Structures are given as C-alpha cells and as structure tokens.
Amino acid sequence: MKKARQRWFGSIGALALLSFATEHQAKAYADPGTGAMLWQLLAAAGVGAMFYFRKVTTWFRSKKKDSGK
Amino acid sequence: MSSAVSGSSAVSSGAAIAASFRDPAGCLFTYQDRIFRIVTPGGMADLNAFLESAAGQQWVDSGRVVRTTILGEEERAELLRDPAIHRLYEDIGGEAIVEHERIPFPSFPYEWAPEMLHAAGMLTLDLARDLLRDDIGLKDGTPYNVLFRGPEPVFIDVLSFERRDAADPTWVPYGQFVRTFLLPLLANLRFGQPLDQILLTRRDGLEPEEVYRWASALERIRPGFLSLVSLPTWLASRHSQDDASIYQKKRLGNLEKARFILESLLNSTRRTLEKLRPKAGKTSVWSDYMESNNNYTSEHFAAKKRFVDEALAAGGHRNVLDVGCNTGFFSALAARAGASVVAIDYDPVVAGEVWRQARAEKLDILPLVVNLTRPTPGTGWLNREWAGFLDRARGRFDMVFMLAVIHHMLVTERVPLRDILKLASELTTDALIIEFIAPDDSMFRRLTRGRDALHKDLTPAVFEESCRLYFEIVRSQHLENTSRWLYLLRRRGAE
C-alpha cells in the first residue's frame, strides 16, 4: 500500500517536472521550501492542462459564433 | 526582505554601520535619521526596470510602494566621505545609493493584529499580479517587506523587484509567502495561536509540517488545509532531500501558457488568503470595555473626553502614543485633531478593531499589539536586525496618553510607579496625559484580588509627588464621585 502510494506520488511528480525544461538556478534568495515547491509544480501541471482545455473550448466557441453569423 | 534597521541604530561618523545583509543586491542602513540603500549593478538594473514600468509608477505614485530617490553624483560622494559607508559600499560592490521616504514608525509582523498581516499579504499579492504585466516579479514574499503608514500597508523593499523570465511559470517565493502569511493566519484562525507568539521567534514563519502536527486527522483533509498544509507535508516527506532538480529554474516554450500558470497561482493564493481574512466583531476580555465593562458614567466619560480634547486643542502635538488604547477612542480624538498616532494594546482583538476603524475612517492611527510592561525586544541577528519597541519609541512622541492603564502596570505587572513615570518621560518629549486610579476604585480592586495591602499607601498626593520627579503638573481634574483623577503633565526640561 505504502509502495503504491509512493509510486503514485512519484509519477505525478515526474509528470509535473517533465512538463518543464530545466535550466539554471533561480536568483531569488528566499527559501522555496520543499513541499510548497512540489505542490506548486503539481498544481502547475494541472493548470497547464487546463490551459489547453481552455484553448480548445475558446476555439469551439469562436467557431460556433462564426457559423451563427 | 528589508531588515528594518530603520529606527534602530544611531550612527556616528566613522563607526561601523548596522546594515541589512540578506539580499545580495544591496543593503539598507540608517544614517543621520535618513534611510539609504546601497544597490549593486544587478540590483540597480532591476530597480530601474521597476521604476520605469507602468505598474511600478502607479504603485509609487499611489504611495503603496515606498518613495525612492536615486542620489545624484554629488550627494553620493558626500555620503561616501564617511569611511563606514564607503567601506560598506566597497564590500557590497555598490553602484548607486538610493534614499527612501521615512515611514513615521516602523513596526514588525509580530506587533501586528491578524487584520494587518492579512492586509500586508493582500498588498504583496496585488503588487505581484500587477507587476506581471510588465514582466517584473517579486524575489521574496515576506511581511518584512511591508511597513504601515498609519493603518495603510506600504511595500518598502524595492530590491524585491526583478526582471522576470517570461517563460518561467513558477513563483519561487510562493513557499515563503505560505510560511509567513498564510500559515500564521491559518494557525491564528483555526488554533487561536497569537501572531506574536508565532512570529517573534520565527523569522521565516511556520513550516507546513509544524501546522500538520497540530491538526486532527479530520482537519488535515479539509479543503484549504489539504492544499496548504497536508499535501505539501506528504509530498516533502516522500521527496529525496538530495534531489535539487525541483529548485532548478523552469522554462516553458509557450509564454502564454507560462503566464497563465503563474497568474492562476497568484489568483488561487489570493483566494486562499481571502478565506483567511480575520472576522470583524471578535470578542476578548477587553473588547467590550468601552461599552459596558467599565465603571464610568456617561458624565464621567464626557468629562474625560473634554479634558483630553482641551489638551489636544491647546498643545498642537503632532505625534501621539496611546498606551493601552483599548478600542482607540482617544487615539481617534488625537488623530481627528491632526496628530499621527501609534496606539498600543496587548490585546490583538482590540488592536484589530482599532485598525479596522482607522482604515475605514482614514485616520492616521497605527495600532500595534504591544504590552508596554513587556515591550517587543530587538530581534534577528545579534538582536539588532529589527529594533525593539522602546528603541523605536523613545523620544518619538510629543504627547503620550496613559488613560485607565497604570493600575494594570502597578498591580498586574508589579512595576513601581516611579519607573512607569520615568519610562513615560523617555517616551514623550513634551506632554503626558495620565489617569490616576486610587486603590479603592472597583476596577483597581478587581485587579488586586485581595492584595489590597500592597497598594494601601498609594494616594493622589503620593502620585503627584512621583510625577514631579520627571514632570510638571500643568493641570488636574478629579472625576466627581469616583476614585479617578486626570492629569496633564509636562516633561521637565521640555520647551
């Protein structure tokens, strides 16, 4: 059970990380924290998916508007 | 983050200068009662980008970001003639020196009511969101970037601004914002933890793991708590501490997507902060003092108000300290008479109410959660990064109110009368309005709880004799049929 949960968290984390290209260290000096940074990356992966969903729905809506003219 | 040496150290020419040290882009120091900042070339490029941006100009013009002037060649050279400043400038690799407007009375997060921490958080997030339009970001997200001008928060750390990489969808200070704003407010709201106890000993706030331990199993899965505390705790516990990849700068190929993600993060953080807004109308032991929990009749209270009004009208005092301000009735009188008021009370509930009223009525009152018998100490590195309350307060006021408060200091805290008056004479440069309450007063007796013998010798005559050690008595008034006297005192040696 514990292993399965670990795998779940691992794969979600990897997914989140894979959606970004990594480069150099940020120059901000504030401690980013660990849990907060992981949560931010996880949320970013979800919001990133929402971005494409919104794009698609916006495209459909504009199409519908055009055909109604 | 600005270590607020402002208001702390008096610096003599050539002596070592106490300056902030955490930010590699520059350092802040106080010199001859003025606030300066040495800035490195990198820091200057970021600062110029902020000052030239549309959002930056709006925020500075509205006074929500501290006004800042870049010193010209001559003025900078003049300052650099001081060997201590010159050494600091060389050590940090300075390129420029800027001067900031002086915020009248610096205060720190552990002295704020929860409402004030909330307002400082809102200011920080609104600033971060507005600057995003001009591709400028905040490097840190801590309440130490904010001071209060009266009841209004002002962002003071101009080196927090940086030119952003538009492809970066993350906000690195998010974790710090959670630790220093959201979790302390959550702990205050859910567990009743006073902010001073949380923030006085923790510069960087609360870790999610700490709050997680305080919560019940049910609490841990509640919405809001889950994303703020539980998920970060679970994620961190399963993450290898040696894996630094999550801290690498992130870049997306799609700039629109990067902006969308970052804006969503700032908006959702703002919604979370909104949910943690302290509620109005909370009660505490002292919150109903003015309405019912006192022994004044309306005539007595009117006489007391008249006494204070007359003193304010005659004096033209500009800076007032109201000790034990309670609901801020007399602070408001002083503010309406044109004074800038610092109102202190150890009860965060009444300080919060004073802040609400001052903000709603645009009164120049800065309420702080401070107990004068246990004033805020100097904190941070060497206890000198953020000055103690008394170091900031001594000689800053030309009028001090001690109304219906000294019996608490005498009885509850057991501070000798002469010491109270001596401290008052250090706080005010001119006037003191003080209310003497004799030991047979019902409120006094409520505090003594049977220890009447301790104060049996305290009479108006003894009180006046003690006052004369440090003050001249300008006038006094006995509130008829009570055991209370009002005094207007003038500090000895005041012009």
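Since we're looking at a predicted model, the values are computed, not measured. Residue numbering restarts at 1 for every chain, and letters A, B, ... go by the order of the sequence lines.
Both tests hold for B:Arg220 against B:Tyr212: distance to the six-membered ring centre under 6.0 Å, angle to the ring axis within 45°.
Listed options B:Pro208, B:Ser227, B:Gly137 were ranked by heavy-atom pairs under 4.5 angstrom with chain A; first place goes to B:Ser227. The greatest number of non-hydrogen atom pairs below 4.5 Å with chain A, out of B:Ser268, B:Gly253, B:Ala236, is found for B:Ala236.
Contact of B:Glu256 with chain A is made through backbone and side chain together, with heavy-atom distances under 4.5 Å.
Between B:Lys139 and B:Asp23 a salt bridge is recorded (basic side-chain N to carboxylate O distance below 4.0 Å). Ion pairing between B:Arg251 and B:Asp165 holds under the 4.0 Å rule for side-chain N and carboxylate O.
Residue pairs meeting the salt bridge (Lys or Arg N to Asp or Glu O under 4.0 Å) criterion with at least one partner in residues 31-42 of chain A, sequence neighbours excluded, are absent.
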